[in-house]
There are 2 protein chains.
Amino acid sequence: MTRHTTDTGRPSTTTPTPPLTVAKGIDRPGPTVFSTTPMPARTKGTPHVSPTGTPADDQAADPRSGRPTSKDVAKLAGVSQSTVSLVHAGKWPGRVSERTVRAVNEASAALGYRPNQAARHLRLGTTRTVLLVVPALTNPFFGAVHTGASHAAAARDFSVVVYPSPVAAGAERTPVASPFAAAHTALDGVLASSTAVETLSDLLGTAGPGAGLPLVMLDSQPGAGAPTANIAIADGMSALTTHLLGLGHRRVARLCAEIDSWTFASREAAFRDAVRAVAGTETDHARTPLTIPDATAAALTLLDGPTPPTALVCDDDVLAVGAYKAARARGLRIPEDLSVTGIGDVAFATVLEPELTTVSLPAHELGEAGMSALLDLLDGRSPDDVSLPAELLLRDSTAPPRA
Amino acid sequence: MTRHTTDTGRPSTTTPTPPLTVAKGIDRPGPTVFSTTPMPARTKGTPHVSPTGTPADDQAADPRSGRPTSKDVAKLAGVSQSTVSLVHAGKWPGRVSERTVRAVNEASAALGYRPNQAARHLRLGTTRTVLLVVPALTNPFFGAVHTGASHAAAARDFSVVVYPSPVAAGAERTPVASPFAAAHTALDGVLASSTAVETLSDLLGTAGPGAGLPLVMLDSQPGAGAPTANIAIADGMSALTTHLLGLGHRRVARLCAEIDSWTFASREAAFRDAVRAVAGTETDHARTPLTIPDATAAALTLLDGPTPPTALVCDDDVLAVGAYKAARARGLRIPEDLSVTGIGDVAFATVLEPELTTVSLPAHELGEAGMSALLDLLDGRSPDDVSLPAELLLRDSTAPPRA
DNA sequence: GACGGTCAGTCATACGTATGACGTCGCGGA
DNA sequence: TCCGCGACGTCATACGTATGACTGACCGTC
């Protein structure tokens, strides 16, 4: 339809390329010819938006992108480029008069001036852009993490780019190093979920202390080389297990995710500690990839064992769905014959029949907290490891065991 | 813990700040002192990585970020900065010898050189970054769109930043203009979902033909000012409705989303056309926000009407969940007493009992196609409007009506 | 009337890369 | 001997912004 490389189409009949030799002569450090008569616009009086002196170069010149630059604004306002920059940065406590500020602002508005980000990035040595590394945005949890992180970043004028490692549930994780390194110099920092990276040292090779790029980890073990932001899922797991034990369950099985990461390891530890606190409790477990069919099969092996459990603690809501399907396949009613719990409070937790008792994870807040920590780090501060509370949601999938 | 602003910590005992006066003298356009003896490294023979001449400035100098520049690589390799640039860009058909190329590559590797993106953005006038505007990434559909778009972008060396307008279901949509304008100059193009923007003209003011920024719309009416990429949901709706009519249903109600957008309007049209093709069919409908509780209430009003429907066609799987809950509340069995269909094939479609007959939407492919169109547009080509097929998934929630 | 101080701006430059315009060397043909 | 040419690199510069150093005018003071 239309070529994007053409001009902006603003109707303008001025000369397309003004005589550059003038500007060139000014730029040269040699003989400053025009410096003998400084502030030529001032001789006319007060700076104003309408150009009175030079009649040929009022509309924005367009080197290539068709966008006006601070030089164009300066010309229109009758001031120098530095003044435009000062005004735009808001740094004129005693350097620029109110009237000039107004003139510059009017000129900027008239031209629709937006500062060129690439130029200021180059000049300032910072890009105000951070990378978010997550397993997959198709997982609503990480979608929420992204949203939270974006909000926190936007509040401090940062942008977020996402590198979604194509991990999926239990699949191979990609070494982030190579694709990540490409954008390396365009980044000020990295916020990475530990479940998205192959190994932590993999990341620490290019980011983190020691390497050049500030790094904050999500869902990662504190004290391992980078500040962390976590959800206290272990507490949730403890509460869940204690809740079941309090209902009287003594044969409690655990359906756990086949993923080697700190978050899942800490769930296991919390479960064990909670169980150990109540004497006479038997446990069993099965490991499974994080998919519904796999979880169903794994749950069936638990239910078909010699001493079937009266309660099934699942590492994740997805696994709980598998437990539901397995229970239905064996004719077990939830919660009368089998109590089931999940973790995550994903969208379908209330779609299940009965509604699932689970632990809600503040994903949005996790993204916010992690991003805040990263931006603090960028400001030179040393953020503390943060841990966000998980909330136990008692719904309808748990009940005392049958006598 | 650690300050990110400090040096990279590479153990190096060289002088931290090499005498800059030398470099300055070279950079000046005035008396080119050293140009009388060109290629000083060549006098030693072949360029090599180990620096033999100057013993003090082999390690990368660090002006501020601690990262080596092409100048550092040039110094180490004994060539000029231009040569480094040529080698790195792969543009040396007859300009650089193999040996020099190797030397440059070795030097780059030794220093861990990465070209500064900000500088090349400035130089090239392009950022290789596009903006993706979606309602919310917490919606897995848009998460998948993002993943597809990212893959297509990465394949052509582009990055994607996301601006998630906090829309949610039926809530107010944000005018994208302001926050979007902030990053304007840092973008090469925009890929926007029509359900994320207030009005199309809102976007067209800053992007699209006429404004400076190439734009491709997702889920938007073709021919409205920007190239589009769509999913043929209308076809899916037709297939769904025809399927129900084929089963014998003659009282078909529609649960529709309270969102004014092209995608939903086209579903309605498709439904009407399909119904009109079969004589003697009665229809009813209810509009509802896109949440489960609202949908449940709306579905109840339909079921409680004077002539209750035997089939309920829902604009979205979320609404179908409401239909399930309403049916359960009225003691209706699905599909024996009531057939239900959805659109979207979201994760819980198979969690429902019975599994939901719906239409799967190729979200990933939509993102890919849209991004491809945008990148074609950036290349100066004129992409066609694309339409992706939606697939009808016949599962267990539909059956012939009771006699 | 010379001097110090404030106000209001400008000047020049650097950030790091990409690239068109030049040199220089060596060799082969006339 | 001289010219032309290909191979190999370098030079200089521009991209647009931010900012330390500087300057001119004006004003009050001794």
Side-chain angles (χ1 to χ4, degrees), chain A residues 20 23-24 26-30 32 34-35 37-42 46-47 63-65 67-74 77-89 91-101 104 113-126 185, chain B residues 20 23-24 26-30 32 34-42 47 63-65 67-74 77-89 91-101 104 113-126 185:
Chain A
L20 286 176
K24 207 171 180 182
I26 289 178
D27 278 348
R28 296 196 87 129
T32 52
F34 299 103
S35 66
T37 58
M39 307 177 219
R42 223 200 208 172
T46 155
R64 49 186 178 181
S65 74
R67 299 197 56 76
T69 72
S70 59
K71 257 179 210 162
D72 299 315
V73 175
V79 298
S80 75
Q81 179 267 330
S82 359
T83 304
V84 174
S85 185
L86 288 172
V87 169
H88 202 274
K91 295 186 178 175
W92 46 283
R95 297 191 60 164
V96 183
S97 71
E98 296 248 10
R99 211 169 44 195
T100 304
V101 167
V104 168
Y113 168 69
R114 302 276 164 203
N116 181 306
Q117 296 303 120
R120 68 199 322 258
H121 291 344
L122 176 59
R123 174 67 223 246
L124 297 174
T126 184
T185 61
Chain B
L20 287 175
K24 207 172 182 184
I26 289 177
D27 278 347
R28 297 197 89 129
T32 52
F34 298 106
S35 66
T36 55
T37 57
M39 304 178 222
R42 223 199 208 173
R64 48 187 178 179
S65 74
R67 299 198 57 77
T69 74
S70 59
K71 255 178 212 163
D72 299 315
V73 175
V79 298
S80 76
Q81 179 267 328
S82 0
T83 303
V84 174
S85 185
L86 287 172
V87 169
H88 202 271
K91 295 186 179 175
W92 47 283
R95 296 191 61 165
V96 182
S97 71
E98 295 249 9
R99 210 170 45 193
T100 305
V101 168
V104 168
Y113 168 68
R114 303 276 163 204
N116 182 306
Q117 296 302 122
R120 68 198 322 258
H121 292 344
L122 175 59
R123 174 69 223 247
L124 297 174
T126 184
T185 61

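In what follows, every chain begins at residue 1, and chains take the letters A, B, ... in the order their sequences are listed. Basis for what follows: all heavy atoms, side chains included, without hydrogens, waters or symmetry-related copies.
- Listed candidates were C/dC15, D/dT17, C/dG9. Nearest to the side chain of A/Val96 is C/dG9.
- Look at CG on A/Leu122: it is 4 Å from C1' on C/dC15, rounded to the nearest Å.
- Atom NE2 in B/His121 sits about 16 Å away from atom P in D/dT17, given to the nearest Å.
- Scanning all heavy atoms of the two residues, the minimum distance from A/Thr69 to A/Tyr113 falls at C-CE1, 3.5 Å.
- Listed pair A/Thr69 / D/dG16 fails the phosphate criterion, with no side-chain N or O lying under 4.0 Å from OP1 or OP2.
- Regarding B/Asn116, its CG atom lies at a distance of 18 Å from the P atom of D/dC15, rounded to whole Å.
- In this structure, A/Lys71 places its NZ atom 14 Å from C1' of C/dT10, rounding to the nearest Å.
- To the nearest 0.5 Å, the span separating NE2 on A/His121 from CG on A/Asn116 amounts to 8.5 Å.
- The side chain of B/Ser97 sits closest to D/dC8 out of D/dG16, C/dT10, D/dC8.
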Measure all distances between protein nitrogen or oxygen atoms and nitrogen or oxygen atoms of nucleotides 19-21 of chain C, and list the pairs falling under 3.5 Å.
| unit_1 | atom_1 | unit_2 | atom_2 | d |
| --- | --- | --- | --- | --- |
| C/dT19 | OP2 | B/Lys91 | NZ | 2.7 |
| C/dA21 | N6 | B/Arg95 | NH2 | 2.7 |

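- Note: B/Gln117 CD to B/Leu124 CG = 9.5 Å, rounded to the nearest 0.5 Å.
- A/Ser70 has a side-chain polar atom (N or O) that falls below the 4.0 Å cut-off from OP1 or OP2 of D/dT17.
- The distance from atom CZ of B/Arg99 to atom P of D/dC8 is 10 Å, rounded to the nearest whole Å.
- Interatomic distance, CZ of A/Arg120 versus CG of A/Leu122, reported as 12.0 Å (0.5 Å rounding).
- When distances run from any side-chain atom of A/Arg120 to the nucleotides D/dT17, C/dT17, D/dT10, the shortest one goes to D/dT17.
- Side chains of A/Ser80 and A/Thr83: a donor on one and an acceptor on the other come within 3.5 Å.
- Separating the CD atom in A/Gln81 from the CG atom in A/Asp72 is a distance of 10.5 Å, to the nearest 0.5 Å.
- Between A/Tyr113 atom OH and D/dG16 atom P the separation is 10 Å, expressed in whole Å.
- A 4.5 Å side-chain heavy-atom check between A/Pro115 and A/His88 finds at least one atom pair inside the cut-off.
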